[in-house]
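FYI, side chains are in, hydrogens and waters are out, and symmetry mates aren't considered; it's all heavy atoms of this structure. Chain letters run A, B, ... following the sequence lines, proteins first and then strands; every chain starts at 1.
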There are 4 protein chains.
Amino acid sequence: MQIEMMADVAAGADRRGITIQQVGITEMHLPIRVARKGGGQDTVVARIALAADLHHEARGTHMSRFVAILNEWRERPVSYHEVEAILQATRQALDADVAHITLAFKYFIAKQAPISGIESLMDYDVAFHGRGDDEGFRFVLAVRAPVTALCPCSKEISAYGAHNQRAIVSCTVEVSPGKILWIEDLVEMVEAQGSAPLYPLLKREDEKYVTELAYDHPQFVEDILRDVVALLRAEARVSRFSVRVDSHESIHNHNVYALHEEGLPAHPAPTQD
Amino acid sequence: MQIEMMADVAAGADRRGITIQQVGITEMHLPIRVARKGGGQDTVVARIALAADLHHEARGTHMSRFVAILNEWRERPVSYHEVEAILQATRQALDADVAHITLAFKYFIAKQAPISGIESLMDYDVAFHGRGDDEGFRFVLAVRAPVTALCPCSKEISAYGAHNQRAIVSCTVEVSPGKILWIEDLVEMVEAQGSAPLYPLLKREDEKYVTELAYDHPQFVEDILRDVVALLRAEARVSRFSVRVDSHESIHNHNVYALHEEGLPAHPAPTQD
Amino acid sequence: MQIEMMADVAAGADRRGITIQQVGITEMHLPIRVARKGGGQDTVVARIALAADLHHEARGTHMSRFVAILNEWRERPVSYHEVEAILQATRQALDADVAHITLAFKYFIAKQAPISGIESLMDYDVAFHGRGDDEGFRFVLAVRAPVTALCPCSKEISAYGAHNQRAIVSCTVEVSPGKILWIEDLVEMVEAQGSAPLYPLLKREDEKYVTELAYDHPQFVEDILRDVVALLRAEARVSRFSVRVDSHESIHNHNVYALHEEGLPAHPAPTQD
Amino acid sequence: MQIEMMADVAAGADRRGITIQQVGITEMHLPIRVARKGGGQDTVVARIALAADLHHEARGTHMSRFVAILNEWRERPVSYHEVEAILQATRQALDADVAHITLAFKYFIAKQAPISGIESLMDYDVAFHGRGDDEGFRFVLAVRAPVTALCPCSKEISAYGAHNQRAIVSCTVEVSPGKILWIEDLVEMVEAQGSAPLYPLLKREDEKYVTELAYDHPQFVEDILRDVVALLRAEARVSRFSVRVDSHESIHNHNVYALHEEGLPAHPAPTQD
């Protein structure tokens with residue numbers, strides 16, 4: 001069999017005159033290494049989409065090249081510059097003007113319980129989104145940080161108690177050119193705006209503390225959203241952003257949400273697994 | 001083309017000597033009508049699996065017959081007796097000893113807010129599971145009812161407040177032969193065991209009420225589980241059951257759960273959409 | 001208890017100066033009635049988000065009003081005009097400039113098998129998205145239609161056979177003012193662009209037909225996308241649109257996709273349940 | 001604050017007389033290290049449930065101890081013996097008779113394309129389930145391996161072509177005491193029973209090969225199931241098992257499945273993310 005003689009159907013001409021904005025692979029899973037703030041790297045498991053545009057003359061792209069590029073990169077740590085380099089390699093391999101990538105993964109941060117100081121690892125849903133073309137490179141960092149939300153209305157009208165619940169703050173930011181914004185930085189900003197942060201491991205003295213902290217800091221989803229928006233507007237490392245807060249109301253079977261976009265589309269509603 | 005002459009590969013003989021316990025279709029969606037307690041019917045959208053056993057002599061089943069049976073039944077209301085009849089039709093159509101069905105759907109029940117009395121519709125995840133063979137018919141009803149769970153420990157150790165959250169009570173019961181157990185009955189039993197029930201629509205006076213009610217009735221997942229188990233053991237309409245409670249802790253990013261099986265396997269952990 | 005004297009915390013003033021674009025409810029489920037092309041109505045089960053903007057002076061919205069509006073509307077059929085009316089009612093009830101709604105549901109269309117003519121019901125994921133403000137009303141229809149995609153490359157290079165698989169065509173269109181575009185119309189347009197349509201119920205003569213049809217019409221995801229884009233550009237009832245095609249490759253454990261946006265953002269990648 | 005004087009509500013007595021079979025944590029996520037066949041370790045991200053029974057005298061368990069145990073173990077590689085040790089530690093920490101654990105994760109195996117020999121990493125859904133009590137330890141390994149399934153009926157009745165699709169083989173096996181069964185071993189057994197294996201990276205000569213291989217080896221879900229059942233019955237390292245095959249039919253919008261249990265319950269239907 002002479003492989004070089006096999007017809008390359010995808011390379012054939014197309015006559016519909018339509019340039020496709022994105023064509024590539026999705027739901028690809030690979031372990032990747034991500035740099036930590038403060039040094040070192042973590043191995044995470046990423047769900048990946050990688051795509052490029054396709055000129056109107058070509059019928060199909062070369063799907064295997066996207067897979068090959070990702071397999072080549074999996075031994076190296078992935079951060080801002082590597083995302084840019086992967087997009088550059090993709091544009092060259094596919095002879096494309098624009099390339100797009102999404103790497104979504106669970107990222108772990110060690111947290112110390114507020115009173116006992118006991119340490120445990122908490123998981124966050126994080127994504128890197130990159131887009132590269134001749135005019136440059138855009139890097140978007142997205143995190144989902146859960147917080148406690150205690151309802152100010154319920155507290156106010158009730159003789160005692162107040163309904164509270166897990167709320168998810170979804171934050172998508174474009175990092176300003178030349179700046180570095182660590183996952184840890186964005187998580188820290190966001191978590192502080194709930195009624196209380198969440199922790200995997202709490203001793204009883206910690207549980208007392210977070211219960212009272214939340215009761216002392218009631219926050220509507222509107223409050224959390226506005227506090228995050230105000231922070232991001234003032235943040236020099238962020239050029240554009242969107243914020244979404246979804247609260248899994250403990251008194252309802254539906255959620256309440258607030259959403260605000262300044263230059264970037266918001267996440268879809270989070271699901272909880 | 002002479003269709004009757006087309007080879008029927010599935011009808012061919014198989015020599016591995018293995019009788020298959022279940023073979024059929026799954027992830028089929030159809031609107032079905034379900035009888036309400038108190039009369040009338042609701043149209044629900046069911047996710048359906050229908051299967052039969054396959055004797056060791058036959059290589060394959062006739063998949064299209066499962067689809068045909070479900071399409072025939074979709075105009076008629078589906079309850080205990082119709083599930084039995086569908087299984088009977090399946091056994092005949094497939095020449096099978098045993099047939100299995102699952103119909104999973106969202107079911108809606110009108111609820112009145114506790115103080116204002118205002119009415120709204122709340123959704124519950126419900127499933128009918130049926131199994132029929134020569135020895136008879138077994139009907140299993142499964143419901144997932146969300147409740148508020150307020151932590152007794154958090155209440156006890158804190159000067160004020162108490163963390164609370166949505167918890168899902170998953171209850172699977174085999175209905176005793178000759179008995180009727182309505183979805184509404186099982187939901188009512190289960191909901192009463194949380195710290196407070198959930199409602200879609202609450203006025204402020206209702207929100208005050210449920211906030212204080214939950215604070216007055218703190219319940220661990222262990223408490224909710226035991227209260228449901230005690231009720232089901234005493235219930236003549238139920239012959240076997242399992243119960244599972246999953247609480248979406250507002251102070252953690254993981255859930256806590258309790259599970260108990262008396263003759264039936266428990267649901268897998270619920271996901272929330 | 002004098003309810004009218006209860007403090008209304010949400011109505012309090014807010015000093016952060018941030019108008020929120022969307023605040024409301026999500027993951028609400030209700031049965032609704034949808035008008036069919038050709039007359040009649042279907043009851044579907046909708047997953048609903050309803051929201052409005054919130055002026056910078058107000059601290060919180062009135063979440064219960066969103067629930068109340070949806071419960072009022074659930075007895076009436078929902079289509080283009082009713083979506084507009086719900087948004088109008090929402091703006092009034094919340095004293096808001098803009099209102100947003102999404103109603104997502106499974107919709108069923110009767111299909112006839114291509115040779116035997118036998119009829120069965122097939123499910124499609126459909127959503128209505130509406131946005132209303134002083135300048136008018138925008139109605140967006142989104143459908144996900146599965147098709148068979150048979151790989152042209154695999155067919156060309158192989159001595160026999162060709163890998164094929166289920167692909168999902170996700171199409172989001174803004175309906176031109178004053179025009180009507182039925183769900184059935186959009187599904188029909190989209191389904192015709194795969195290698196073959198899908199059917200719930202196929203007799204053997206039908207299975208032969210669709211197998212050969214797919215082999216005779218190999219289509220890359222790029223081909224399907226371009227054919228749909230060309231149709232939508234030529235369609236007077238559509239003012240803006242996006243298209244996304246995801247193919248669940250039978251030779252890989254990842255998917256391939258193509259995406260094109262002309263004025264509307266594309267769906268996120270579909271998951272399969 | 002004197003922490004040691006805080007009331008321990010969970011330690012209080014319970015009078016309902018109900019011993020709970022499982023109570024603990026779920027949806028906990030942690031990076032863990034898993035030993036590879038042939039040496040070395042991989043870091044994977046596990047979704048974890050850990051639970052113990054609760055005697056009828058105690059009102060509640062100590063949830064934080066489950067979290068503490070998992071955080072202690074995360075630096076060490078996890079395999080058969082470590083699962084046993086975690087369960088032993090759990091029983092001691094909770095003063096329990098029985099402990100249960102599930103660790104579910106994506107696991108990666110390097111595959112070589114069949115003709116070009118090019119290597120890439122493929123992901124598999126894997127779970128370790130453990131149960132420990134005074135009578136011993138049971139270790140269950142579950143894998144989900146996708147394969148190509150090409151329909152024998154479609155091939156037989158069609159003049160050319162045959163519908164094919166991704167099918168998921170879900171295999172759950174209890175490892176015989178004293179034996180070792182690697183993830184790699186079980187995946188290899190299962191993958192060989194489809195019409196063809198899947199690969200992340202295929203050159204054109206490989207794509208030709210797998211297309212023709214699948215056409216030459218048509219397999220119903222019944223065939224795949226029986227071939228796996230026959231292998232597992234003959235496998236000395238396996239004492240009990242269940243097998244489930246779900247095929248995402250390219251000609252339908254529903255799936256077909258076959259399921260067989262010999263001593264262990266089958267997986268629920270897989271969803272695809």
Side-chain angles (χ1 to χ4, degrees), chain B residues 6-10 12 14 16-29 48-49 51 54 56 58-61 63 66-67 100 151-153 155-157 218 220-223 225-227 229-230 233 244 246 248-249 252-261 265-266 268-269 271, chain D residues 6-10 12 14 16-29 48-49 51 54 56 58-61 63 66-67 100 151-153 155-157 218 220-223 225-227 229-230 233 244 246 248-249 252-261 265-266 268-269 271:
Chain B
M6 294 174 92
D8 186 348
V9 179
D14 193 82
R16 280 160 293 200
I18 298 171
T19 292
I20 297 178
Q21 291 165 351
Q22 291 185 34
V23 53
I25 59 173
T26 185
E27 301 297 331
M28 179 89 191
H29 291 82
I48 307 175
L54 181 69
H56 64 86
R59 179 173 178 199
T61 192
M63 293 291 185
F66 297 102
V67 182
H100 304 264
C151 178
C153 173
K155 175 181 173 179
E156 181 69 25
I157 63 181
F220 288 123
V221 289
E222 295 92 324
D223 292 321
L225 184 94
R226 279 176 166 140
D227 288 345
V229 166
R233 284 183 178 170
R244 176 180 178 117
D246 288 77
H248 300 159
E249 301 293 280
H252 300 304
N253 200 25
H254 60 266
N255 299 339
V256 304
Y257 81 105
L259 175 162
H260 195 73
E261 299 175 339
T271 54
Chain D
M6 294 175 94
D8 186 347
V9 179
D14 193 82
R16 281 161 291 199
I18 298 172
T19 291
I20 297 177
Q21 292 165 348
Q22 291 184 34
V23 53
I25 59 172
T26 185
E27 302 296 332
M28 181 87 191
H29 291 82
I48 308 174
L54 182 67
H56 64 86
R59 181 175 177 195
T61 192
M63 294 291 186
F66 297 102
V67 182
H100 305 263
C151 179
C153 173
K155 175 180 173 180
E156 180 70 25
I157 62 180
F220 287 123
V221 289
E222 295 94 323
D223 292 321
L225 185 94
R226 278 174 167 142
D227 288 345
V229 166
R233 283 183 179 170
R244 176 180 177 116
D246 288 77
H248 300 160
E249 300 293 280
H252 300 304
N253 199 25
H254 59 267
N255 299 339
V256 304
Y257 81 105
L259 176 162
H260 195 74
E261 300 175 338
T271 54

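Residue contact with chain D, scored on non-hydrogen atoms closer than 4.5 Å, involves the backbone of B:Asn253 exclusively. Residue contact with chain D, scored on non-hydrogen atoms closer than 4.5 Å, is absent for B:Ala266. Proximity to chain D is limited to the backbone of B:Thr19, based on heavy atoms less than 4.5 angstrom apart. For D:Leu225, the part sitting under 4.5 Å from any heavy atom of chain B is the side chain, from C-beta outward, and nothing else. Residue contact with chain B, scored on non-hydrogen atoms closer than 4.5 Å, is absent for D:Pro265. With a 4.5 Å cut-off on non-hydrogen atoms, B:Ile20 touches chain D through its backbone and its side chain both.
The greatest number of non-hydrogen atom pairs below 4.5 Å with chain D, out of B:Glu222, B:Arg226, B:His254, B:Met28, is found for B:Arg226. By number of non-hydrogen pairs under 4.5 angstrom with chain D, the leading residue of B:Pro152, B:Ala49, B:Gly24 is B:Gly24.
The CD1 atom of B:Ile18 lies 7.5 Å from the CG atom of D:Asp227; values are rounded to the nearest 0.5 Å. Here the NE2-CD distance, from B:His260 to D:Gln22, works out to 11.0 Å after rounding to the nearest 0.5 Å.
B:Phe66 has its side chain within reach of B:Thr61: a pair of non-hydrogen atoms, C-beta onward, lies under 4.5 Å apart. A 4.5 Å side-chain heavy-atom check between D:His252 and B:Val67 finds every atom pair outside the cut-off. Counting only heavy atoms from C-beta outward, the side chains of B:His100 and D:Leu259 never approach each other to under 4.5 Å.
Formation of a donor-acceptor pair under 3.5 Å by the D:Glu249 side chain with backbone atoms of D:Val256 is not found in this model.
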